[in-house]
Amino acid sequence: MTVSPLRRVLTVLAVVALTVGAAPAAAAAEPDPKALTWTVQPATPSGPDQRRWINASLDPGAVVTEHLAVRNFSRTAVAFSLKAADGYLTDKGRFNMLSSDRPSVDGGTWIDVQEKVTVGANETRVVPFTITVPRNATPGDHPAGIAATVTSTGGTVNVESRVGFRVMVRVNGSAQATLPVQGLTATYTPSWNPFAGGTLRVRYTVGNAGNVWVGGTSRVVVSDLFGRTSHDATDAVEELLPAGSRQVRTRADGVWALVRLRTTVTTSPALLGDAQVGADLRPASATVTTWVVPWAQLALLVLLGVLLVGLRAVVRHRRRRLARLLARARQEGRQEGQESVLVGGGPSGAEPDPGDAPR
């Protein structure tokens, strides 16, 4: 067996306050409770250790004994129920275990622990439990959780409060890790400032199609009609258990769009927990094309076109007006010349000398 602390801290042991109805004080009775608090953590036979949870790599058919420590911070003894169940990640990425009304089918069924333990006031009890890996267990990670619970009755509803930790069991064998991208969409919102790029909102789902617990990275690249990259960013992919998935939303600002945008998302997985030599890590990618009408830039071009046409019309009008003025001036000059010749000509009835005619 190989047991090592996890590199990434995602589960913090909590102290839970539970309010229950008043009952006579007894060793296993529900205490008055305004201060019923407890913690549960991995331990050795002598007491709690430094591990946040148990991370074990085992062969099919292996059996190993582990320990947990229940610490009761209350002022009276408390009887805790000890339960194990399959583990999963919530939508917010927090580890949890199946509730008591949901049957476990995987790693939670491999853990055998005593049903109850009574812990005195301000005391700690160490309890052993065993992990038995079936001989036909498939390689990869099989997450589970183990917790100490207290159930209170309020009217017709029973409320179960529990504190525990995860038990990550990796069955040795072929490890595969890939993070396929599904449901990729890219929505472009243009800026009405023609001199500024718009915003591209990218949404997709990352799934864990492998058999091990992984994290990794996702890279989003956006390119325009001419293949020029307008956005290139890499983000971390939070932990994913086998068959798990998580929705991802990201945005790219200042993206210039000319008719077409091409968005490509590429994921690269990375193993979490105990590293396994020779693991098959496969990148995955998906691409979507977004067709865009650059309205702001088109409006600017139309405005520039209108201004250009208007400017040319004004120039033509001024040229024509100037030409008319020049033509009128020439016409008036000719008329004035003819009138001066007639007024200053020879005797009445005499024909003017052709050489004196105006030219």
Within 6.0 angstrom of E115 CD, more than 12 heavy atoms from elsewhere: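 For E115, atom CD is not crowded (no more than 12 foreign heavy atoms under 6.0 Å).
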Within 6.0 angstrom of R203 CZ, more than 12 heavy atoms from elsewhere: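 Atom CZ in R203 is not packed in, count stays at 12 or less.
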Quick one: does any side-chain atom of [X] pair with a main-chain N or O of [Y] as donor and acceptor, under 3.5 Å?
X    : Y    : answer
R51  : A43  : yes
N211 : S174 : yes
N208 : G244 : no
T267 : L179 : yes
W38  : A148 : yes
T109 : S104 : no
T130 : V64  : no

side-chain contact (heavy atoms from CB on, under 4.5 Å) assessment of N96 paired with R162: CA-CA 11 Å; N96 202 352; R162 61 188 182 182; 3.2 Å; yes
Test side-chain contact (heavy atoms from CB on, under 4.5 Å) applied to V212 and L271, step by step: CA-CA 7 Å; V212 288; L271 286 181; 3.2 Å; yes
For a quick test of your reading: what N or O donor-acceptor pairs under 3.5 Å do the side chains of residues 133-142 make, sequence neighbours left out?
unit_1, atom_1, unit_2, atom_2, d
D141, OD1, R170, NE, 2.7
D141, OD2, R170, NE, 3.4
D141, OD2, R170, NH2, 2.8
D141, OD2, W213, N, 2.5
H142, ND1, D106, OD1, 2.9
H142, ND1, D106, OD2, 2.9
H142, NE2, T138, O, 2.8

For residues 312-325, tabulate all N or O donor-acceptor pairs below 3.5 Å that involve a side-chain atom, not counting sequence neighbours.
none

Drop me the distance from [X]'s [atom1] to [Y]'s [atom2], to the nearest 0.5 angstrom.
X    : Y    : atom1 : atom2 : value
W291 : L225 : CH2   : CG    : 7.5 Å
F129 : H67  : CZ    : NE2   : 9.0 Å
S161 : F80  : OG    : CZ    : 10.5 Å

Of D253, T187, T189, the residue whose pairing with T199 passes side chain to side chain donor-acceptor pair (under 3.5 Å): D253
Pairs involving residues 225-235, ordered by first then second residue, that meet side-chain hydrogen bond (donor to acceptor under 3.5 Å, both in side chains) (sequence neighbours left out): R219-D232, D224-R228
Between [Y] and [X], is there a side-chain heavy-atom distance shorter than 4.5 Å?
X    : Y    : value
W53  : P143 : no
L89  : R246 : yes
P45  : V126 : no
T185 : V288 : no
R71  : T124 : yes

CA sep, side-chain torsions, deciding dist, call: V167, E66, side-chain contact (heavy atoms from CB on, under 4.5 Å): CA-CA 10 Å; V167 179; E66 277 287 356; over 6 Å; no
